[in-house]
Asks: 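I'd like to ask some things about the structure below.
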Amino acid sequence: MSVNRLLRVGTVAVASLGVLALSACGSDPEPSGSSSPGGSSSSAAGGDCPKGTLNAEGSSAQKNAIEEVISKYNEKCADVTVNYNPTGSGAGIKQFNANQVDFAGSDSALKPDEATAAEKRCAGNPAVNLPMVIGPVAIAYNVDGLDKLILDGPTAAKIFQGTIKTWNAPEIAKLNPGVTLPSAPIAVFFRSDESGTTENFAKYLAAAGGGAWTGEPAKKWTGTGAGKEKSAGVAEGVKSTKNSITYVEWSYAVDNKLGVAQIDTGAGAVELSAESAGKALAAAKPAGTGSDLALKLDYATKEAGAYPIILVTYEIACTKGLPAEKTALVKSFLSYFASADGQSSLTDLKYAPLPEETRTKVDAAIQAIS
Amino acid sequence: MSSTDGTGPPDRPTDRAPGPKLDLGPVGHLGDRLFAGLARGSGGLVVAIVAFVGVFLLALAIPALADNNSSFLFSRIWEPGGDNPRFGIAALFYTTLISSIIAMVIAVPIAVGVALFTTYYSPKRLAAPVSHAIDLLAAVPSIIYGLWGILFFAPILRPVINGLASALGWIPLFEKPATDNLGVVFTASVVLAIMILPVVTAISREIFAQTPVAHREGALALGATRWEMIRMAVLPYGRSGVVSASMLGLGRALGETVAVLIILSVPNGNDPWNSSIFAGGETFASKIANNAAEFDSPEKTGAYIAAGLVLFVVTFLVNSAARIIVARSGPGGKRPRKNRRTGDKAAQTEGATP
């Protein structure tokens, strides 16, 4: 009796789940079909929703982006659970190479020794760096009455190196004619934890600073200032300290209502926006070979309208060698991430979507995963 | 009396059990052995856990320390990992110690004051709510203290810091910082003081409340005012308890991680050493927590573990000091209870001894 009843309940449950799944999948071809007639319609956006759990770990810089994409993805594929643990790029790669997670998120492409370890993890197949999220880094400041601030590479480098100490220094005044600058000392805040944001920002200062930046770009800050923990810490520090400045992910600057400096790359002052950041990525050169899409960003770019301080988060995945069901999951999720649909949801979160050309390449690399 | 009866016949428990009026329930060698084994096991387990932590710290720290190209104890550079690992704990040690000491200087007098107030000054109706409020402080998670400290409390403290700095700025310890940065050691110390307040208050309160009535009434009978009674009877009696309470608080202050991490701003490696409490800094615990996400090589991990080892040793020493002080002053918490039970006679001899 009871077994029969259980069976009956079970069948009903399974049937209703099936209906739910069908209806969930049935609704999706319309939006994806209309919004992206190109490459992505062949991928996850189609009917092929796998089932299972996908675990990923890594960069905290893309935390908000990937969480948004996961929730969007789950609207299409409700049977896939994607867990992303934002523990930091180093930890993510470590976990990926130790076979603990299915893909990793990282602020920088795999270094040679990491790539070797990754190849071992992927059963002898190379891992691929897929640029997925563009996170613009804002130079955020808090100065009373200063609504607009223009900086160029050398001036920014001098401020963060500590050679320019006051706001009314002639270098800053020259770039901001007609603006009253306070004579107060500049309180610089930096990330006290090791961070890809620091590394990318230091790379910018080294490339565009005209020799004013003396440190070697690294995850650890080598410039001046006071350190605060994580992006929230530096943003809070600037917010609560008058006449202060920091570098922080764009979203933190906006959320904390901090001023964001415009960057003069030599082709006029550029305001930070999704387009201007995307332009900088389009100007980047490929650093990897074959299907590896690691990029070499040109921080000193003089391209008109390009905002040069950006951070690219890569998803690192095996090209081959994962179990079939994991491969399907990774492909399905990353395809959606790289689709026009997935990318367009990032703009509201103050990330920049991948430029179309890069996006197509990333999508092709994901389709090549087997 | 009764206790000698109970422990007297270990050799013939079954014969004795039904006979005498004192039925202590089933007694036997098995229970004895079991309980003794459990107790010994528990004791041994604690020692083993501490030893394991110590061994773990040592095992990971030693290789990193062997590679260190800088004086571990006297350098303030912190560049572990890489080809030329150089790291030293001088700055960490200083900030950890100075922040804990300031926290103690603020918290202990207040805690003693609150404890005396709730035991001897306040009306009964008020004592309980005040005690509960203080105890509640212990239940607040440290991350809340951190956020509260930096977002709400630090701006309030800013004028105090400015005032102190302009009055005492000629002492290097109180040197005024160049910027209006809020995340300074002093702010962290004050928040730490609030965090250790409940521990110190609760233990002090218990000790003060147990001052023998005879001591107190003796003092009052000799014409002492209430303050003199507290000074002559309560404080000497409770001294060891207050000391051990302070040591527990100090242990917490030394090891506090998240609150300090959120509040303190970290000095950059290029600036010269700044001993001012109105500048930023890093403690052992906050440094380790801040960098835990990027332990990408065993050497680097080892360096942080080595710092953790120093904190472990310091905390161990502090706790040992507390034990020694408590042991030397006798079991302060137990005497009064005995007195109360045994009555006036014992109390009189107690009163005669000091």
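The chains referred to below are lettered A, B, ... by the order of the sequence lines, with proteins before strands, and numbering in each begins at 1.
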Asks: Note each donor-acceptor pair with a separation under 3.5 Å, taking one atom from chain A and one from chain B.
Replies:
residue	atom	partner	partner atom	Å
A/Lys94	NZ	B/Phe295	O	2.4
A/Ser192	OG	B/Asn290	ND2	2.6
A/Glu194	OE1	B/Lys300	NZ	2.9
A/Glu194	OE2	B/Lys300	NZ	3.2
A/Lys220	NZ	B/Trp78	O	3.0
A/Thr222	O	B/Asn270	ND2	2.5
A/Gly223	O	B/Asn270	ND2	3.0
A/Gly225	O	B/Asn268	ND2	2.7
A/Gly227	N	B/Val266	O	2.4
A/Gly227	O	B/Val266	N	2.6
A/Lys228	NZ	B/Ile263	O	2.9

Asks: Heavy-atom distances under 4.5 Å only: say whether B/Pro267 touches chain A with side chain, backbone, both or neither.
Replies: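 Looking at B/Pro267, just its backbone touches chain A.
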
Asks: If you define the side chain from C-beta out and look only at heavy atoms, does anything of A/Ile66 sit under 4.5 Å from A/Val133?
Replies: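 SC-SC contact between A/Ile66 and A/Val133 ruled out.
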
Asks: Looking at A/Ala91, A/Gly225, A/Gly233, which has the largest count of heavy-atom pairs under 4.5 Å with chain B?
Replies: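 Winner by heavy-atom pair count: A/Gly225.
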
Asks: Considering only heavy atoms from C-beta outward, does the side chain of B/Phe186 approach that of B/Leu164 to under 4.5 Å?
Replies: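 Side chain of B/Phe186 against side chain of B/Leu164, heavy atoms only: contact under 4.5 Å found.
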
Asks: In the structure I gave you, are the side-chain heavy atoms of A/Phe96 and A/Cys318 within less than 4.5 Å of one another anywhere?
Replies: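 Of all side-chain heavy-atom pairs linking A/Cys318 with A/Phe96, at least one is under 4.5 Å.
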
Asks: I want to check something: taking the side chain as every heavy atom from C-beta on, are A/Asn176 and A/Leu149 in contact at a cut-off of under 4.5 Å?
Replies: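 Contact flag for A/Asn176/A/Leu149 side chains = yes.
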
Asks: Examine whether an atom of B/Leu264 lies under 4.5 Å from a heavy atom of chain A, and if so say whether it belongs to the side chain, the backbone or both; otherwise answer neither.
Replies: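 Looking at B/Leu264, just its backbone touches chain A.
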
Asks: Heavy-atom distance under 4.5 Å to chain B: side chain of A/Ile93, backbone, both or neither?
Replies: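 For A/Ile93, no heavy atom lies under 4.5 Å from chain B.
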
Asks: Just by distance, with hydrogens left out, do A/Asn55 and A/Asp102 show a side-chain donor and acceptor under 3.5 Å apart?
Replies: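 Side-chain D/A pair, A/Asn55 to A/Asp102: absent.
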
Asks: Which heavy-atom pair separates B/Val199 from B/Gly249 by the least distance, and what is that distance?
Replies: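 Minimum heavy-atom separation between B/Val199 and B/Gly249: CG1-N, 4.5 Å.
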
Asks: Please state whether the side chain, the backbone, both or neither of B/Ile263 comes within less than 4.5 Å of a heavy atom of chain A.
Replies: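 The backbone, not the side chain.
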
Asks: If you compare all heavy atoms of A/Pro182 against all heavy atoms of A/Val143, which two are closest, and at what distance to 0.1 Å?
Replies: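 A/Pro182 and A/Val143 have their closest heavy atoms at CG-CG1, 3.6 Å.
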
Asks: Any heavy-atom pair between the side chains of B/Phe284 and B/Ile89 that's under 4.5 Å?
Replies: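 Counting from C-beta outward, B/Ile89 and B/Phe284 do come under 4.5 Å.
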
Asks: Sequence neighbours left out, cut at 3.5 Å: what donor-acceptor pairs do the side chains of residues 200-212 of chain A make with other protein atoms?
Replies:
residue	atom	partner	partner atom	Å
A/Asn200	OD1	A/Tyr299	OH	2.6
A/Asn200	ND2	A/Gly196	O	2.9

Asks: I'd like to know which of A/Gly90, A/Ala226, A/Ala184 tops the heavy-atom pair count under 4.5 Å against chain B.
Replies: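 Top count of heavy-atom pairs under 4.5 Å with chain B: A/Ala226.
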
